[in-house]
Amino acid sequence: MTWEFYCEEIRPYWLLATKEYGFTADDIDWSCPADLEPYAKAYRMQLQQQDSQLHMMGMYVLSAVSVAIERNFSKRAKGKYIEKPLLSDMDHRNGTMAENEMQKQRELFVARLEAMGANFRIGQKRAENED
């Protein structure tokens, strides 16, 4: 490994992983990778948490958009926005949503999409028949 490779590839990763802990480039240069690994693990965990939060935000947005679309294009809209926060269904022992609740959420989402698709196709047929 060359010094240039280290400075271009390896050091930036460790600077990123340890930036919240006040490490300098000199600290990283003189540290053993085994000493820095807990910081890298914490960084990966932080990224996973951020990814989960963004995924949940997407679920809320998806619910809002699907309800809005259904209410605008369907005469008998039955879709409802998520009734309670997604995290309220988490199993507090291990921090995961119960599998049966996740399956219910998936089925509800698929049913909403199928209803929206059916309503759209009916509207298209009516528009074709009126022309």
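Residue numbers count from 1 along this sequence. Only this structure's heavy atoms are used, side chains among them; waters, hydrogens and symmetry mates stay out.
- Shown here are the side chain to side chain contact (heavy atoms under 4.5 Å, CB included) partners of K80, two or more places apart in sequence or in another chain: E83, R112.
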For residues 48-55, which side-chain N or O atoms pair as donor and acceptor with protein atoms under 3.5 Å away, sequence neighbours left out?
residue: S52; atom: OG; partner: Q48; partner atom: O; Å: 3.1

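- Between F120 atom CZ and I69 atom CD1 the span is 10.5 Å, to the nearest 0.5 Å.
- Applying the side-chain hydrogen bond (donor to acceptor under 3.5 Å, both in side chains) definition to pairs two or more places apart or across chains, those involving residues 117-129 are S74-N119.
- Here the closest heavy-atom approach between residue A40 and residue A17 is recorded as CA-CB, 4.0 Å.
- In this structure, the side chain of E70 does not engage the main chain of M116 through any donor-acceptor pair within 3.5 Å.
- Remark: L62 pairs with F109 by the side chain to side chain contact (heavy atoms under 4.5 Å, CB included) rule, at least two apart or across chains.
- Here the side chain of N72 pairs a donor or acceptor atom with the backbone of A68 at under 3.5 angstrom.
- Residue V65 is not grouped with residue Y81 when hydrophobic side chains (ILVMFWY) are merged at heavy-atom distances under 4.5 angstrom, including chains of intermediate members.
- Chaining together hydrophobic side chains whose heavy atoms lie under 4.5 Å apart places I10 alongside M1, W3, F5, Y6, Y13, W14, L15, Y21, F23, I28, L36, Y39.
- The OG atom of S66 sits 8.5 Å away from atom CD1 of I82, with the distance rounded to the nearest 0.5 Å.
- Considering only residues two or more places apart in sequence or on other chains, R44 meets the salt bridge (charged side-chain N to carboxylate O under 4.0 Å, His left out) condition with E37.
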